[in-house]
Amino acid sequence: MDLDSLFTVDEFEAVAQRKLDPVYYDYIAGGSRDEVTVRANLDGFGRLSLLPRVLRGSAQRDLAVTLFGARSSMPILISPTAFHRLVCTEGELATARAAARADTIMIASMASTVAVGEVAAAARAAAPADHEPTLWFQLYLQPDLDDTTALIARATKAGCKALVVTVDSPVLGANERNHRNRFHDLPPGMACENLRNLRGDEPGNVRQIAMSPELSWDHIDWLREHTELPVLLKGVLHPEDARIAVDHGVSGLLLSNHGGRQLDTVPATIDLLPEFVEAVGGRVPLLLDGGVRRGTDVVKALALGAVAVGVGRPIVWGLAAGGEDGATRVLELLRDELDHTVALCGARGLADLTPDLVRPAAGSRR
Ligand SMILES: Cc1cc2nc3c(=O)[nH]c(=O)nc-3n(C[C@H](O)[C@H](O)[C@H](O)COP(=O)(O)O)c2cc1C
Ligand SMILES: O=C(O)C(=O)c1ccccc1
C-alpha cells in the first residue's frame with residue numbers, strides 16, 4: 001500500500017475496509033443499536049461552520065499542548081481502542097511507536113492485545129533520544145478492587161502518566177453487527193494481555209473484563225486514594241455529572257460517547273461541549289472525542305473550549321491500512337490539516353481559537 005497516496009482519514013477507512021475481514025471491520029466501524037450517535041458525531045461537526053479572522057496570522061503556529069505536566073506536539077491524542085492485533089500483527093506496539101514518532105499521547109486501552117508494559121517499552125524505543133513519550137492507561141474499574149489494584153500497579157509500573165476511567169459502560173453496549181456476525185471473542189492466539197495472570201493463572205479472556213452497573217462515586221474516591229496519578233473520567237455526558245466529577249477531585253474529563261458504542265441516541269459530543277464548558281467552569285481541562293476526522297473538526301472543538309481531542313477509529317484505520325506507518329500517516333495528516341486550518345482562521349496558535357469563530361451552519365460534511 002502506498003500510504004502517500006492517501007490524503008484523508010476517510011480514504012484510510014476505505015482501504016481498511018477493503019483489507020479487513022468484514023467481521024472485524026463491522027466491530028470497529030459499528031456502534032450500538034441504530035448507530036444514531038455514530039452518525040450524530042460526524043454530523044455534529046458538519047453542522048458547524050468556521051468564521052475566520054483576517055490579517056492577524058503568523059508564519060509560526062505552535063500546536064503543542066501540555067496536559068498534566070506532559071507535552072504533546074499537538075492537541076490530537078489517541079483515544080483508547082481495544083484489540084489492535086485484530087488489524088495488524090504488531091498490534092498496540094505499532095500504535096505506541098506511531099504515537100511516539102508523532103510526539104503525541106496514546107491512551108492505551110485496558111483491553112489491548114499487548115501488555116501495557118510492552119506498549120510503553122515500544123514507545124520509549126521509538127521516541128527521539130531526548131524525548132520521553134507519554135502513555136495514559138484507560139481503566140474499566142473492576143468491582144473486584146483487588147483486580148483494579150493489580151491493573152493500576154501494572155499501568156503505574158509501565159510508566160503511565162494518567163488513568164482514564166471509562167464510566168459510560170455499566171453494561172456493554174449492544175453492537176448488533178457483532179451479534180449478527182457472531183463476533184464475541186478474540187481469535188485463537190490473541191488475548192487481553194493486561195488481564196493475563198492478573199492474580200492467578202487467568203488466560204486474559206475478554207470476559208474477564210467486568211462491566212458493573214454497581215460502580216458509584218465512592219469508587220472514584222477510592223481510586224483517588226489508591227493512586228498518585230491524575231484521574232480523568234471518560235464518558236460523563238450529563239453536565240450535572242461533570243460538576244459532581246469535579247467536586248470529587250478528578251483531574252480532567254474526556255467528553256466522549258464512546259464513539260456511539262454505548263447508549264445509542266445520546267447527543268454528539270461536539271453539541272454537548274458548550275454546556276460542559278459552562279458546568280466545569282475552567283476547573284479542570286476538558287478533552288473531547290467522537291467523530292473527529294478533519295483538522296476543521298479539531299479547530300471547532302478547541303474553539304468551543306476543549307484543550308485537546310481524541311481520535312479512535314482513524315488510528316485503527318491507519319493501523320489496518322499500513323501498521324505503524326499507517327497510524328503515523330493518519331496522525332501527520334490530521335496535524336497538517338489542523339495547522340492549515342489554524343492558518344486559514346487567522347490564528348497564531350491554539351489560544352486564538354475562540355468560540356466566536358464557530359457558527360451554526362446548514363448542510364452536512366458528507
Ligand atoms: C474498535 C473500538 C474499540 C474501543 N475500545 C475502547 C476501550 O477499550 N475503552 C474505551 O474506553 N473506549 C473504547 N472505544 C471508544 C474510544 O475510546 C473513543 O471514545 C471513540 O472511538 C471515539 O470516537 P471516534 O472513533 O469517532 O474517534 C473504542 C472504540 C472503537 C471504535
Ligand atoms: O469495543 C469497545 O468499544 C470497548 O470499549 C471494549 C470493551 C471491552 C473489551 C473490548 C472493547
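Note that ligands are numbered from 1 as they come in the structure, with each ligand's atoms numbered from 1 the same way. Bear in mind that the values here come from a model prediction, so they are computed numbers and not experimental data.
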- Task: Check the pair Thr8 / Asp10 against side chain to side chain donor-acceptor pair (under 3.5 Å), numbers first and verdict last.
- Result: CA-CA 5 Å; Thr8 69; Asp10 286 353; 5.5 Å; no
- Enumerate the atoms of ligand 1 whose separation from the nearest heavy atom of Ser256 is less than 4.0 angstrom.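 Taking each heavy atom of Ser256 in turn, ligand 1 has 19 (O) under 4.0 Å.
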- Can you tell me if Thr166 and Gln138 form a side-chain donor-acceptor pair at under 3.5 Å?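 The criterion, which ignores hydrogens and geometry beyond distance, is satisfied for Gln138 and Thr166.
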Quick one: nearest non-hydrogen protein atom to [atom], plus distance?
{"atom": "atom 19 (O) of ligand 1", "result": "Asp289 OD2, 2.8 Å"}
{"atom": "atom 1 (O) of ligand 2", "result": "Tyr27 OH, 2.8 Å"}
{"atom": "atom 6 (C) of ligand 2", "result": "Tyr140 OH, 4.0 Å"}

- Query: For atom 8 (O) of ligand 1, which candidate among Gly310, Ser109, Gly312 holds the nearest heavy atom?
  - Reply: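 Minimum heavy-atom distance to atom 8 (O) of ligand 1 goes to Ser109.
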- Message: Would you say the rings of Tyr24 and Phe183 are close, in the sense that their centroids are separated by under 6.0 Å?
- Response: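 Here the rings of Tyr24 and Phe183 have centres that are less than 6.0 Å from each other.
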- Message: Taking only non-hydrogen atoms of Gln262, do any sit less than 4.0 angstrom from ligand 2?
- Response: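 Flag not set, Gln262 not near ligand 2.
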- Message: Can you see whether Tyr27 has Arg261 sitting over its ring - NZ or CZ less than 6.0 Å from the centre and within 45° of the normal?
- Response: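 Yes; both conditions hold, so Arg261 lies above the ring face of Tyr27.
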- Task: Is it possible for you to check whether Arg329 lies under 6.0 Å from the centre of the six-membered ring of Phe7, through NZ or CZ, and within 45° of that ring's axis?
- Result: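 Verdict for Phe7: a cation-pi partner in Arg329.
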- Query: Relative to the heavy atoms of Ala82, which atoms of ligand 2 are at a distance of less than 4.0 Å?
  - Reply: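 That gives atoms 10 (C), 11 (C) of ligand 2.
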